[in-house]
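None of the values given here were measured: they were computed from a predicted structure.
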Amino acid sequence: MCWSLGAACVAAGLGLPWRAARVNEAEVVPVVEKVRLRPALVRLPAGSFLMGSPEGEEYAQKEEQPQRLVEVPAFSLCQTEVTQGQYAAVMGTNPSNCKYGCEDELPVQNVSWRDAVAYLNKLTALESEALLALGEAALTACYEGSGKDVAWVEGCTGYRLPTEAEWEYAARAGTTTRWSFGDEEADLGEFAWYNGNAEGEVHTVGTKKVNPWGLSDMHGNVWEWVWDAYDSYKSGKVVN
């Protein structure tokens with residue numbers, strides 16, 4: 001699971017081609033000293049990129065095409081996937097299937113989209129309490145409603161899921177190569193836990209090389225939720 005902070009994750013298909021344009025450098029935002037319920041955040045610059053897969057790409061799927069230029073405002077994203085320990089500290093339970101691994105530093109898994117929304121609102125509330133105790137302003141929740149009737153509160157300052165466009169923009173990290181680390185599939189094991197090296201288990205977050213913006217596990221390890229519902233590019237609406 002990944003999530004972002006403030007106003008404005010498709011999980012990485014290991015063969016998904018990456019194409020991008022116009023970027024700046026990312027900036028790591030330190031964790032508030034007394035707030036340790038989440039990973040550190042990375043502040044990503046505004047920019048534009050070609051979302052989707054180009055025609056003729058070997059591993060491209062039809063629903064990833066056609067490519068289109070998308071503008072993305074600046075936003076912040078988790079430096080790592082949310083761990084089981086962090087999820088349990090907020091929600092009081094660890095839903096992960098221990099068949100794939102259960103330890104505090106492993107990424108949380110077996111979490112539904114609605115579980116993710118509930119987690120983000122509760123994280124916002126708990127961090128707000130800590131910030132108020134430090135004399136800082138509270139955060140505002142990004143979701144209201146429940147079940148099938150969840151709405152994104154525009155202008156919120158708390159935690160939320162990234163849009164699909166934001167997630168892909170972060171995963172590409174300003175690169176124009178097939179993966180964020182280049183075009184060579186032989187290098188994949190240095191950057192990702194995948195079916196060639198994971199041995200059917202999830203692995204400790206942040207143990208592989210980061211992408212150019214300092215984000216971990218954007219290729220591989222566990223699937224990550226985004227705000228958008230699934231749809232093909234030809235019929236789906238483009239949002240930032």
Tell me if a side-chain donor or acceptor on [X] pairs with a main-chain N or O of [Y] at a distance below 3.5 Å.
{"X": "T140", "Y": "T157", "answer": "yes"}
{"X": "D217", "Y": "G206", "answer": "yes"}
{"X": "W227", "Y": "W152", "answer": "no"}
{"X": "Q67", "Y": "G52", "answer": "yes"}
{"X": "N211", "Y": "A170", "answer": "yes"}
{"X": "Q79", "Y": "P39", "answer": "no"}
{"X": "E144", "Y": "V150", "answer": "no"}
{"X": "H219", "Y": "S180", "answer": "yes"}
{"X": "T177", "Y": "D183", "answer": "no"}
{"X": "N121", "Y": "Y143", "answer": "yes"}

Intermediate values then yes/no, side-chain hydrogen bond (donor to acceptor under 3.5 Å, both in side chains), T207 and W193 | CA-CA 9 Å; T207 53; W193 294 108; 3.1 Å; yes
Are the side chains of W225 and V117 in touch, meaning some heavy atoms are under 4.5 Å apart?
->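 No; the side chains remain at least 4.5 Å from each other.
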Whether Y119 and Y87 hold their rings parallel, tilted or perpendicular, with breakpoints at 30° and 60° |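 Geometry flag for Y87 against Y119: parallel rings.
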Rounded to the nearest 0.5 Å, what's the gap from CD on Q65 to OG on S53? Could you check?
->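 Between atom CD of Q65 and atom OG of S53 there are 6.0 Å.
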Measure the CG-NZ distance between N197 and K208 for me, rounded to the nearest 0.5 Å.
->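 One finds 5.0 Å between CG of N197 and NZ of K208.
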Path from V205 to F191 over hydrophobic side-chain contacts below 4.5 Å =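 No; tracing contacts between hydrophobic side chains, which count when under 4.5 Å, never links both residues.
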Group every Ile, Leu, Val, Met, Phe, Trp and Tyr by side-chain heavy-atom contacts under 4.5 Å, then state whether L120 and L131 land in the same group.
->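 Yes, same cluster.
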Exercise: identify the closest heavy-atom pair between P107 and E81 =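 Looking at all heavy atoms of both residues, the closest pair is CB-OE1, 3.6 Å.
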Pair V70-Y169, side chain to side chain contact (heavy atoms under 4.5 Å, CB included): steps then yes or no = CA-CA 9 Å; V70 179; Y169 178 70; over 6 Å; no
Do R38 and Y159 pass the side-chain hydrogen bond (donor to acceptor under 3.5 Å, both in side chains) test, and can you show the C-alpha distance, the side-chain angles, and the key distance before you say yes or no?
-> CA-CA 10 Å; R38 56 161 173 80; Y159 294 97; 2.5 Å; yes
D104/T83 under side chain to side chain contact (heavy atoms under 4.5 Å, CB included): CA gap, chis, key distance, verdict = CA-CA 6 Å; D104 281 352; T83 67; 5.8 Å; no
